[in-house]
Asker: 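Can you keep this structure in mind? I'll have questions shortly.
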Amino acid sequence: MAGNGRKVLLSGMQPTGMLHLGNYEGALKNWVRLQNSGQYEIYYCIVDWHALTTAYEDPSELEERIYQIAADYIAAGLDPEKVTLFVQSDVKQHAELHLLLSMIVPIPWLERVPSYKEKVETLGLDSYGFLGYPLLQTADIIIYRADAVPVGKDQLPHLELAREIVRRFNYFYGDVFPEPDALLSEAPFIPGTDNRKMSKSYDNHICMGDPPDRIQKRVMSYYTDETKIYRGDAGHPDTCPVFALLKIYAPEETEKIKSECESGSRNWGCVKCKKLLAEMLVEKFASFRKKREELLADREQLRRILRDGAEKARARAEETMKIVRRAMKMWNAG
Ligand code: TRP
């Protein structure tokens with residue numbers, strides 16, 4: 001635990017560019033809530049080295065994506081005065097710890113991580129750095145001696161690995177790191193336009209920062225109930241992605257819509273649902289869009305925010321590395 005007895009949290013996101021509704025409802029909203037609870041000392045990291053484990057051939061967009069994601073974070077309510085917001089590659093200590101950890105981690109521990117097996121099979125990826133992805137993630141977390149990591153369920157195997165590595169490290173070199181817990185939050189399923197999970201890689205996403213006409217177009221392209229072809233046909237809202245989103249963004253309307261849809265009322269069809277959803281999204285994120293545009297118009301200020309964040313992060317990371325170097329009897333560790 002850090003000063004004031006507050007628990008330390010760390011989480012990270014890859015700089016994939018503009019964030020979408022799935023990122024927001026699944027993670028960012030919770031990050032803002034944790035910040036506002038005032039209960040934690042928090043580090044939020046933009047993990048640009050992780051982005052290179054897959055997109056190494058053409059890194060030309062990386063810098064722009066970092067600006068975009070930083071603007072999204074702040075526009076969504078993260079306050080750089082309350083949390084430490086920084087870019088991973090600004091804190092070289094992560095790389096040093098990753099290297100030292102790589103000495104003690106058996107390769108099979110990394111090979112059995114589900115996301116590794118899956119991606120090697122589907123994308124044919126097999127670089128040294130990619131195998132080490134969850135090890136770098138472990139370094140990100142434990143270098144702040146984090147007590148907990150707010151993540152989605154998909155990250156549980158990575159966290160379990162981090163805990164195993166901590167136990168192994170502490171066994172060899174003494175009690176240096178706490179075992180980080182996952183801090184899971186309830187997140188609704190956010191379907192994309194094709195009714196699969198919303199994801200950039202499926203190109204089925206809507207970004208909060210999208211201009212209104214793009215939001216409209218995307219919403220109009222949503223998959224809806226295949227059995228509801230004509231307006232008078234009865235629909236099945238419980239399996240409809242547009243309805244799933246209306247439950248979040250137009251909660252007062254959903255009861256009425258559900259009964260109209262299920263009864264096959266001629267007064268209400270899929271187009272009306274989509275129009276309502278588009279309207280609600282455009283309105284809900286109007287101030288968000290304005291804020292992110294202002295932020296992106298002043299790159300110097302964003303740079304300054306991230307530089308200040310990196311400075312704070314570095315102080316704690318270096319403090320940990322001093323302990324690690326001593327524990328591992330490194331040359332000149334003092
Ligand atoms: N693997 C995480 C993801 O895909 C990103 C990440 C990297 C991360 N380092 C982290 C998450 C440290 C939490 C803590 O979302």
Asker: Do R145 and E319 come close enough that some side-chain heavy atom pair is under 4.5 Å?
Answerer: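 Side-chain contact under 4.5 Å: yes.
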Asker: Without swapping roles, check the side chain of S185 against the backbone of A187 for a donor-acceptor pair under 3.5 Å.
Answerer: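 Not at all, since once roles are kept as given, no pair shorter than 3.5 Å links the two residues.
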Asker: So, Q14 versus R65: side-chain donor-acceptor pair below 3.5 Å or not?
Answerer: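 Checked: Q14/R65 side chains show no N/O donor-acceptor pair below 3.5 Å.
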Asker: Going from CZ on R314 to CD on Q93, what distance comes out if it is rounded to the nearest 0.5 angstrom?
Answerer: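 Between R314 CZ and Q93 CD, I get 7.0 Å after rounding to 0.5 Å.
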Asker: Answer yes when R167 and E160 have at least one side-chain N-carboxylate O distance shorter than 4.0 Å, and no when they do not.
Answerer: yes
Asker: I'd like to know if the side chain of D298 reaches the main chain of L295, judged simply by a donor and an acceptor atom lying under 3.5 Å from each other, with no hydrogens or angles considered.
Answerer: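 No, the answer is negative, given that no donor and acceptor are paired below the 3.5 Å cut-off.
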Asker: Between M321 and E96, what is the shortest heavy-atom contact and its length?
Answerer: CE-CD, 3.6 Å
Asker: Of all heavy-atom pairs between A244 and P191, which one has the smallest distance, and what is that distance?
Answerer: CB-CG, 4.1 Å
Asker: Taking the side chain from K274 and the backbone from Y222, do they hold a donor-acceptor pair closer than 3.5 Å?
Answerer: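 Yes, K274 side chain to Y222 backbone: donor-acceptor pair under 3.5 Å.
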Asker: Other residues, nucleotides and ligands only: do more than 12 of their heavy atoms fall within 6.0 Å of CD on E311?
Answerer: no
Asker: Can you hop from V271 to L276 via hydrophobic side chains spaced under 4.5 Å?
Answerer: no
Asker: Whether R163 and E179 form a salt bridge (side-chain N of Lys/Arg under 4.0 Å from carboxylate O of Asp/Glu) is what I want to check.
Answerer: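 A salt bridge links E179 with R163.
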Asker: If hydrophobic clusters are built by linking Ile, Leu, Val, Met, Phe, Trp and Tyr wherever their side-chain heavy atoms come under 4.5 Å apart, do L52 and Y133 end up in the same one?
Answerer: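 They do not share one cluster, since no chain of ILVMFWY contacts under 4.5 Å joins L52 to Y133.
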Asker: For R316 and Y144, indicate whether the former's side chain and the latter's backbone hold a donor-acceptor pair under 3.5 Å.
Answerer: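 Such a contact is found between R316 side chain and Y144 backbone.
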Asker: Salt bridge between R303 and E63, side-chain N to carboxylate O under 4.0 Å?
Answerer: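 Salt bridge flag = yes for E63 with R303.
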Asker: As an exercise, state the distance from CG of L281 to CE of M208, rounded to the nearest 0.5 Å.
Answerer: 10.5 Å
Asker: Any non-hydrogen side-chain atom of E262 less than 4.5 Å from a side-chain atom of K258?
Answerer: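 Yes, side chains in contact.
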Asker: Are any side-chain N or O atoms of N170 and backbone N or O atoms of V176, one a donor and one an acceptor, separated by less than 3.5 Å?
Answerer: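 Checking the backbone N and O of V176 against the side chain of N170, a donor-acceptor pair under 3.5 Å is found.
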Asker: Indicate whether any N or O donor in one side chain lies under 3.5 Å from an N or O acceptor in the other, for S115 and H158.
Answerer: yes
Asker: Can you confirm whether the side chains of S201 and S199 place a donor and an acceptor under 3.5 Å from each other?
Answerer: yes
Asker: Is N30 reaching over with its side chain to a backbone N or O of A27, donor-acceptor style, under 3.5 angstrom?
Answerer: no
Asker: Taking it one step at a time, do L183 and V151 satisfy side-chain contact (heavy atoms from CB on, under 4.5 Å)?
Answerer: CA-CA 6 Å; L183 198 62; V151 279; over 6 Å; no
Asker: If we ignore angles and hydrogens, is there a donor and acceptor under 3.5 Å between the side chains of H50 and Q137?
Answerer: no
Asker: Sequence neighbours excluded, which residues qualify as side-chain contact (heavy atoms from CB on, under 4.5 Å) partners of I229?
Answerer: D233
Asker: Do L97 and T138 touch side chain to side chain, with heavy atoms closer than 4.5 Å?
Answerer: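 Contact flag for L97/T138 side chains = no.
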Asker: Can you confirm whether V87 sits close enough to R307 that some side-chain heavy atom of one is under 4.5 Å from a side-chain heavy atom of the other?
Answerer: no
Asker: If you measure from CG on L277 to NZ on K247, what distance do you get to the nearest 0.5 Å?
Answerer: 13.0 Å
Asker: Assess the side chains of N36 and R33: does a donor N or O sit below 3.5 Å from an acceptor N or O?
Answerer: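 There is no such pair between these side chains.
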Asker: Do V113 and L131 have side-chain heavy atoms sitting under 4.5 Å apart?
Answerer: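 Sidechains of L131 and V113: no contact.
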Asker: What do you reckon, are the aromatic ring centroids of H236 and F243 less than 6.0 Å apart?
Answerer: no
Asker: Write down the atom of P15, the atom of I66, and the distance for their closest heavy-atom approach.
Answerer: CB-CG1, 3.9 Å
Asker: Which heavy atom of I74 sits nearest to which heavy atom of L302, and what is that distance?
Answerer: CD1-CD2, 4.0 Å
Asker: If you draw a 6.0 Å radius around CZ in R299, do more than 12 non-hydrogen atoms from other residues or ligands fall strictly inside?
Answerer: yes
Asker: Does D203 come within less than 4.0 Å of R218, counting only side-chain N to carboxylate O?
Answerer: yes
Asker: Side-chain donor-acceptor pair under 3.5 Å between Q35 and D79, yes or no?
Answerer: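 D79 and Q35 do not have a side-chain donor-acceptor pair below 3.5 Å.
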Asker: Between Q88 (side chain) and W49 (backbone), is there a donor-acceptor pair under 3.5 Å?
Answerer: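 Looks like yes, one N/O pair under 3.5 Å.
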Asker: Any chance you could measure N267, atom CG, to K256, atom NZ, to the nearest 0.5 Å?
Answerer: 9.0 Å
Asker: Shared ILVMFWY cluster between F189 and Y223, side chains joined below 4.5 angstrom?
Answerer: no
Asker: Within the structure provided, determine whether L100 and M328 are in side-chain contact (heavy-atom separation under 4.5 Å).
Answerer: yes
Asker: Is it true that a side-chain atom of N204 and a backbone atom of K197 form a donor plus acceptor pair closer than 3.5 Å?
Answerer: yes
Asker: Taking all non-hydrogen atoms of both residues, which atom of T320 and which atom of I143 are closest, and how far apart?
Answerer: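 Where T320 meets I143 most closely, the heavy atoms are OG1-O, 2.7 Å.
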Asker: Answer with yes or no whether the side chains of E279 and Q216 bring together a donor and an acceptor at under 3.5 Å.
Answerer: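 The criterion, which ignores hydrogens and geometry beyond distance, is not satisfied for E279 and Q216.
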Asker: Does I107 belong to the same Ile/Leu/Val/Met/Phe/Trp/Tyr cluster as L161, with side-chain heavy atoms less than 4.5 Å apart forming each link?
Answerer: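 Yes, because I107 and L161 connect within a single hydrophobic cluster, where side-chain heavy atoms sit under 4.5 Å apart.
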Asker: Quick one: pull up OG in S265 and CD in E260 and give me the separation to the nearest 0.5 Å.
Answerer: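 Reported value, rounded in 0.5 Å steps: 4.0 Å.
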Asker: Are Y24 and F285 an aromatic pair, judged by ring center distance below 6.0 Å?
Answerer: yes
Asker: Can you see whether W331 has R325 sitting over its ring - NZ or CZ less than 6.0 Å from the centre and within 45° of the normal?
Answerer: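 R325 over W331 ring: no.
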Asker: Do R168 and P106 have side-chain heavy atoms sitting under 4.5 Å apart?
Answerer: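 Result yes, sub-4.5 Å side-chain heavy-atom pair found.
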Asker: Would a single hydrophobic cluster contain both L10 and L156, if residues Ile, Leu, Val, Met, Phe, Trp and Tyr are joined by side-chain heavy-atom contacts under 4.5 Å?
Answerer: no
Asker: Who passes ring-ring contact (aromatic ring centres under 6.0 Å, His included) against Y40, sequence neighbours left out?
Answerer: none
Asker: Under the criterion salt bridge (Lys or Arg N to Asp or Glu O under 4.0 Å), I'd like the reasoning laid out for E300 against R304: C-alpha separation, chi angles, the key distance, then a yes or no.
Answerer: CA-CA 6 Å; E300 267 317 299; R304 231 178 297 125; 5.4 Å; no
Asker: Looking at SG of C240 and CG of L246, how far apart are the two atoms once the value is rounded to the nearest 0.5 Å?
Answerer: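 That separation rounds to 8.0 Å.
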Asker: I'd like to know if D72 and R292 make a salt bridge, using a cut-off of under 4.0 Å between side-chain N and carboxylate O.
Answerer: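 A salt bridge links D72 with R292.
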Asker: Under 6.0 Å between ring centres, would you say that holds for Y73 and Y44?
Answerer: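 So the answer is no for these two rings.
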Asker: Nearest heavy-atom pair of L296 and Q68: which atoms, and what distance?
Answerer: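 Minimum heavy-atom separation between L296 and Q68: CD1-OE1, 3.9 Å.
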Asker: So, the side chain of K29 versus the backbone of G26: is there a donor-acceptor pair under 3.5 Å, distance only?
Answerer: no
Asker: Considering only heavy atoms from C-beta outward, does the side chain of R289 approach that of I215 to under 4.5 Å?
Answerer: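 Counting from C-beta outward, R289 and I215 do come under 4.5 Å.
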